[in-house]
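Down below is the structure, laid out as structure tokens.
We use all heavy atoms of the structure for the numbers below, so side chains are in, but hydrogens, waters and symmetry mates are not. Start at 1 and go down the list; that is how both ligands and their atoms are numbered.
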Amino acid sequence: MGHPADQPSVRIHESHRKQARSLEPDLIRWRRHLHQNPELSFEEQETSRFVTERLAEIPGMEISHPAATSVVGVLKGARSGRILAIRADMDALPITEENEVPFRSARPGAMHACGHDGHTAMLLAAARAFGDLRKEWPGEIRFLFQHAEELFPGGGEEMVQAGVMDGVDAVIGTHLWAHVPAGRIAVTYGPMMAAPDVFHIRITGRGGHAARPQSSVDVIVLASQVVQNFQMLVSRETDPLDSLVVSVTQFHAGTAHNVLPGTVELNGTVRTFNAELRKRIPERMEAILAGLASAHRASYEFRYDRGYRPVINHEGVNRVVEASAVALFGAKAVDFDQRNMGGEDFSAFQEKAPGAFFYVGAGKPGAETVYPHHHARFTIDESALINGVEMFLTAGRHLLEEGF
Ligand code: NI
């Protein structure tokens, strides 16, 4: 989807810019502290305490913990007006870090391998800057520090249930993105990240001696057909212009080379943007399973769990995000269509208010190897952090003053 031609005119406030720049050393220090002390989803106690302590240093900040380890800071401006929410996620991943940096994770088996340490630090810096300039802007800002983005059912929904989005006029959020070089911002109109659903299948046949297949119901051959047939849902049953992923990622069966196993387990994920497709695919998967199982005298169990909703950006809010990026970094620094089939529970907040999610480029410019998010050597270019803060300040201020 292309971007609309007419953009709102977004002003850069020099006071914000100066304030943000002056916070850069803190910003990097906070990010490194968080990086060194990662905590897994739903276990962000120390992170939550760290965020609470930093927020408490900001005059006028009202702090609450609406759910588990989440933190919400509310700041009111010079006069009443619109309510803006800005969200950052705070959790790490169950990975042992392989980077050799002074601030590498101090915890084996936990690593900020997705950049959420940076998200938390950027939102803290934005909160500080908005706090310092409270007299300049109208309305209310809710700084949403979300726990557990990486683990379904996710912290976003829990925070929404607790009411953090009640009355909110617009919500923005970002992800540092290593696949876009630092200095660039990626803006996506419409669908941006997919609904990540999960399926579990168990096929039961009849085990036996590998040399006497006629006495068995071979689930390995059968399950292989299931895997193949699922791919036809993508290639033959779905509009090629629609996006769909069906991946079988686990295929477990068997104990010995001369034994036909009696059961096989298949697990995997389905990724969609489109609600109709999301509804149809599990029905079709089950039809394939039922047909093949019955044809080959096997039985099956099928469980399909819906994950996060897709991230679909609101056009009006997204225009403000794009115009802010252009105003701050120039039109040449803005990328479009970094759409992908990953999942993100920012969508939970978008259910409640018009919202836009964007990427802040965080790859080392000119780097030959970019380790992907969730890799043990994942890293960000720290010069990206201040760019994210400036985006929050500029787009945030515009949304408060002008709306979208
Ligand atoms: Ni992430």
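- In this structure, R54 forms a cation-pi arrangement with F50, its terminal cationic atom sitting closer than 6.0 Å to the ring centre and no more than 45° off the ring axis.
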Would you tabulate the side-chain donor-acceptor contacts of residues 158-168 under 3.5 Å, counting partners in other chains and residues two or more places apart, or write 'none'?
from : atom 1 : to   : atom 2 : distance (Å)
E158 : OE1    : H147 : NE2    : 3.0
Q161 : NE2    : E157 : OE2    : 2.9

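- Side-chain contact of R397 with H16: a donor-acceptor pair under 3.5 Å is present, judged by distance alone.
- Paired with H35 under the rule side-chain hydrogen bond (donor to acceptor under 3.5 Å, both in side chains), one option of H112, E97, R104 passes, and it is E97.
- Of all protein N, O or S atoms, those under 2.8 Å from the Ni ion (ligand 1) number 3.
- Between H13 and W137, the gap from one ring centroid to the other reaches at least 6.0 Å.
- Residues E46 and N37 bring no donor and acceptor atom of their side chains to less than 3.5 Å of each other.
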